Each structure stands twice: as C-alpha cells, then as structure tokens.
Amino acid sequence: MYQKVKGFRDIYGLEARYWNKVEKVFRQTFRTFNFEEFYLPILEKSEVFNRGIGSTTDIVEKEMFAFEDRDGTQVALRPEGTASLVRAYVENKLFSTPGISKYYYVGPMFRRERPQKGRFRQFTQAGIEVFGSGGPSIDADVIYLLYKLAENLGIQNFVSMEINSIGCPACRPAYNEKLIEYFKSNIEHLCGDCLRRLDKNPMRIMDCKNESCKKITADAPKAVDYLCGECRDHFDGVKSYLDALQVPYKVNPMMVRGLDYYVRTAFEMITDRLGSQSAVGAGGRYDGLIQLLGGPDTAGIGFAVGIDRLVSLCMLNETEKENDLDVFIISFRDISDKIALKLANEMRSQGVSVDMDYDFRKMKKQFSLADRYGSLFTVVLGEDEAAKGTAAVKDMQAGTQEEIEIAKVTEYITDKLRRN
C-alpha cells in the first residue's frame, strides 16, 4: 500500500468543507478592502528567497525544498508568499502604476520542518501585500483586516492581537548594540544558531524557540525603548487608529522581525487553542524589500495567515455539517429515471445542489442515501407520480410533504431555499 510523504496530508470530508468556507471568507473579505488577487508560481529561483528572506534564516538554511533544475538553475518550492509577490511586482513593473497597490494571494507553501500539530511540510497560506504607502493609517487598516478575517470566520474569541515597533535603520543600530552587549554577557546560554546570529543580526535571537535562549531573552533590551522620534510618532499613530477602529490589541515588546528590511510596525494574531504553535497570522512593515529585489524605494506592509490553523480553529465552533445537500431525487429504472436525470440538471442550472441514486435501488435504500447526504428536500418520482406528471416533495426538516407538478418542482424548490 502506498502512503503519503511525511509532513503532507490528505484533506477531505468535513475538514474540506471548513477549508472551502475559510477560503471563501478570505476572498470575500479581501475584496471588500479592494485587494486584487495575485496568482503566483509555486516554483521560483532560489535566489528570490535567498535575497528576499535572507540566506542565514532557518527557512533558507534548513527548511526550503531547493534543488538544481536540469539546466543548472537553482530553484525552490516557495516557502512563503511575500518574496514571490515582490519579485512579480518588480519584474512586471507594476510600480509604474501611480497610487497604492493592494494584492492578495492564496496557495500552498512548502517547508521541510518537523511536522507537528497545525504545522505541515505542505501548508496553505493566504496573505496580503500593500505597496506605496508608509503612513500609520494603512498599518492600522491592515491589522484591522486581519482582525476582521477572524471576526468573519467566527473565531475572534479564540485569538488575540499583539503589536510592536522594531524601529528603523536610524534607531536600530543603537538597539542592536544594546542587544549584543546583553547577549554577550549571557553567551553561555545561547544555542549554536544564536551564537552565529549574535554579531550579524542579534534581533533574531529574540525569536529563537530554544528554551535556553527563550529564558534569557525575557530580560533583554526592548526595541520600543530605543525608538527614534519618527518611529515613536508612527507607532503612536498606529495605536490611535487601532483605538478608533476598536481593535483589541496588546503591545508585546518582545515581538521582533529578524530581517533587516523590516521596519517599525510588527504584529501577530495568536491563539492558545492549538498547542505550542501560537501564531495564526503575522505581518509587518518591510519598506526596504522592494528596493532589495531590484525595484524602486517603495514602502510595503503585509501579513500571511495559515489556513491550516484557521481551519482547526473554525472546527472548534462545529458550524459545518459532514454533508449538506439541497435535494435528493428518488426514482426508479424504466419508470422515472430519465425524468429524474432531466429534473436534477434543471435544478442544478439554477444553482441548487442535487444528487440521485444512479443504480435506482429500492426506495428504502434511496431514502438512506438522502439521509446520509443531509438533503433538505427529497423528491420522490414513483410509478404513481410519473403517471400523473407529479412529484412528492418532502421537506426533511419540517417533515411535511406536498405533491407538485414536475414542471413546477424547480420553481417550488428554489423558492423554498430562498426563503430559508
């Protein structure tokens, strides 16, 4: 028997229904904020991520599915969406359009990390990117969008929002010096990865998951205490806009972004319902990334959310059913089989979900199928009904039944479904 690759999974049944719900809510919500969907390639040149994420990050060093193509090109399955979208933005010269550009994407990502609850080697992310605006109001609106997604999915009680400011190139050097000084005084507690990070990018140590490193970072200097005037004003502006939008949030001074092009606003949506993996979605401002990948000096901000984790949170609400069919048609071979097939597709053309028993078994077994599919209405086309040109339409929730002319069944069902 063949088995799936470790860290990959099959999605079906009830979970697939929640998956469809989450993606539908995503697209509806993004459109209300005037975001345009962007379809990105799954395979990119490795240099896009080496440059866009950082060659010394865990993602690039340890987790990326990278390999050499037949022509010698180093390529990789995308581990995240931001670098890909920025590459596409620059390559297609989308910056030539004046004003703000707002894009969203939904699709699979790949990281070769240790599989655990809510974390897989193939996972799906939805994300947004906004290019061309550097003010605090867009930061707040992006954070509000993330909060609105949780609200629209009905999981706002399972998550909380945390924000921070990590400064800019003007004020970060002084902060980095303080971090280096602090961590060198605690160097015996640092893991091997953090020892390498110490002089290159000490802020990344703040995000280390090693228990020994986590203990000493608790007392490390905080970025918000070293902000320049412009960064402090920007952060105050973000908080004031969030207050105006009535978004509940907490300032987490320990939150960082370990890459040099991230500046100022950082934020995360977290949960305590999915084990140790608390982050459901995360984002921040990255004003240097577009220029780093060959474009003009353009401000940028965005976030990504893990659909796998959001689906897990949505399933805690138990709002979806295993099956939810509008109509099941019961019919019999050489009596009403052709009538049933024609009626089924007539209703389907009106957007009604319909199924039937194509083996035309005994009525009892067909009613069992209707129950299994959770049909709201059952249409019976027996010998008597076929002779009279009628159908017995049973409302499975109300337990009532009416005899309707076959020519009027579609109108009757669609009207009933509209009222419900």
Side-chain angles (χ1 to χ4, degrees), residues 11 18-49 51-53 59-60 63-65 75-95 97 99-111 119-133 138-139 141-150 152-153 257 259 261-262 267-269 279-286 289-290 292-295 298-311:
I11 299 169
Y18 279 96
W19 202 276
N20 288 332
K21 173 186 176 180
V22 169
E23 288 199 8
K24 182 179 179 181
V25 168
F26 272 17
R27 287 185 164 87
Q28 289 174 338
T29 305
F30 291 149
R31 285 304 305 150
T32 63
F33 282 72
N34 195 32
F35 280 79
E36 178 183 349
E37 186 161 14
F38 212 115
Y39 291 89
L40 296 164
I42 288 176
L43 196 68
E44 294 270 9
K45 292 182 179 178
S46 297
E47 60 189 358
V48 170
F49 305 114
R51 187 74 168 155
I53 301 174
I59 293 175
V60 171
E63 300 171 0
M64 210 159 63
F65 284 96
V75 295
L77 295 174
R78 63 184 185 201
E80 56 100 59
T82 299
S84 288
L85 207 154
V86 171
R87 187 272 311 151
Y89 178 77
V90 173
E91 182 178 353
N92 294 290
K93 294 182 172 56
L94 299 177
F95 50 79
T97 303
I100 298 177
S101 299
K102 302 167 76 174
Y103 303 107
Y104 78 90
Y105 59 87
V106 180
M109 309 293 166
F110 303 85
R111 295 184 190 177
R119 189 181 286 273
F120 306 93
R121 289 178 172 177
Q122 177 181 328
F123 56 99
T124 301
Q125 278 189 348
I128 66 163
E129 315 295 347
V130 181
F131 305 134
S133 179
I138 189 65
D139 295 26
D141 210 36
V142 164
I143 295 171
Y144 176 72
L145 171 51
L146 181 55
Y147 173 75
K148 193 65 179 176
L149 281 171
N152 289 349
L153 288 168
R257 291 290 178 269
L259 307 180
Y261 53 75
Y262 275 106
F267 55 94
E268 289 185 358
M269 186 167 70
V280 178
R285 175 165 287 285
Y286 48 81
L289 181 56
I290 294 172
L292 187 68
L293 291 183
T298 306
I301 185 171
F303 67 71
V305 289
I307 293 185
D308 306 71
R309 297 183 192 178
L310 285 175
V311 167

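When reading the values below, keep in mind they use all heavy atoms of this one structure, side chains included, and skip hydrogens, waters and symmetry mates. What you are looking at is a predicted structure, and each value in this text was computed from that prediction instead of being measured.
Heavy-atom minimum distance, Ala299 versus Ser133: CB-O, 3.6 Å. The two residues Val48 and Ser84 have their closest heavy-atom pair at CG1-N, 4.3 Å. Nearest heavy atom pair, residue Leu40 against residue Ala88, reads CD2-CB, 4.3 Å. Between Phe49 and Met64 the shortest heavy-atom distance is CB-SD, 3.6 Å. Taking all atoms of both residues into account, the shortest heavy-atom contact from Asp308 to Gln122 is OD2-O, 4.5 Å.
For the side-chain hydrogen bond (donor to acceptor under 3.5 Å, both in side chains) criterion with Thr82, the lone passing option out of Glu129, Arg87, Gln125 is Glu129.
At most 12 heavy atoms of other shown residues, nucleotides or ligands fall within 6.0 angstrom of atom NZ in Lys45.
Atom CZ of Arg51 and atom CG of Leu289 lie 10.0 Å apart (nearest 0.5 Å). The structure places CD1 of Ile11 at 6.0 Å from OG1 of Thr124, a figure rounded to the nearest 0.5 Å. In this structure, the separation between OG1 on Thr298 and CG on Leu94 is 11.0 Å, given to the nearest 0.5 Å. Note that NZ of Lys148 is 8.0 Å distant from OG1 of Thr32, once rounded to the nearest 0.5 Å. Taking OH from Tyr39 and CG from Leu85, the interatomic distance works out to 13.0 Å, rounded to the nearest 0.5 Å. Note that CD of Glu80 is 11.5 Å distant from CD of Glu63, once rounded to the nearest 0.5 Å.
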Go through the steps to decide whether Phe303 and Ile143 satisfy the test side-chain contact (heavy atoms from CB on, under 4.5 Å), and finish with yes or no. CA-CA 8 Å; Phe303 67 71; Ile143 295 171; over 6 Å; no
Could you go through Tyr18 and Leu310, starting from their C-alpha distance and side-chain angles, then the distance that decides it, and tell me whether this counts as side-chain contact (heavy atoms from CB on, under 4.5 Å)? CA-CA 9 Å; Tyr18 279 96; Leu310 285 175; over 6 Å; no
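Proximity of Phe30 to Leu145: side-chain heavy atoms (C-beta onward) are separated by under 4.5 Å at one or more points. Within the 4.5 Å cutoff, the side chain of Ile138 has heavy atoms near those of the Arg285 side chain. A heavy-atom distance below 4.5 Å is not found between the side chains of Trp19 and Val22.
Taking Phe131 as the reference, Tyr89 meet the ring-ring contact (aromatic ring centres under 6.0 Å, His included) condition, with sequence neighbours excluded. The side-chain hydrogen bond (donor to acceptor under 3.5 Å, both in side chains) test applied to Asn152 returns Thr29, not counting sequence neighbours. Scored by the side-chain contact (heavy atoms from CB on, under 4.5 Å) test, Ala282 finds Arg257, Glu268 as partners (sequence neighbours excluded). Take Tyr147 and apply the side-chain hydrogen bond (donor to acceptor under 3.5 Å, both in side chains) test, not counting sequence neighbours, and it matches no residue. With sequence neighbours left out, Glu47 forms a side-chain hydrogen bond (donor to acceptor under 3.5 Å, both in side chains) with no residue at all.
For Arg78 (side chain) and Pro41 (main-chain N/O), a donor-acceptor pair under 3.5 Å exists by modelled atom type.
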In residues 102-110, what donor-acceptor pairs under 3.5 Å come from side-chain atoms, sequence neighbours left out?
residue, atom, partner, partner atom, Å
Lys102, NZ, Phe33, O, 2.7
Tyr104, OH, Glu37, OE1, 3.1

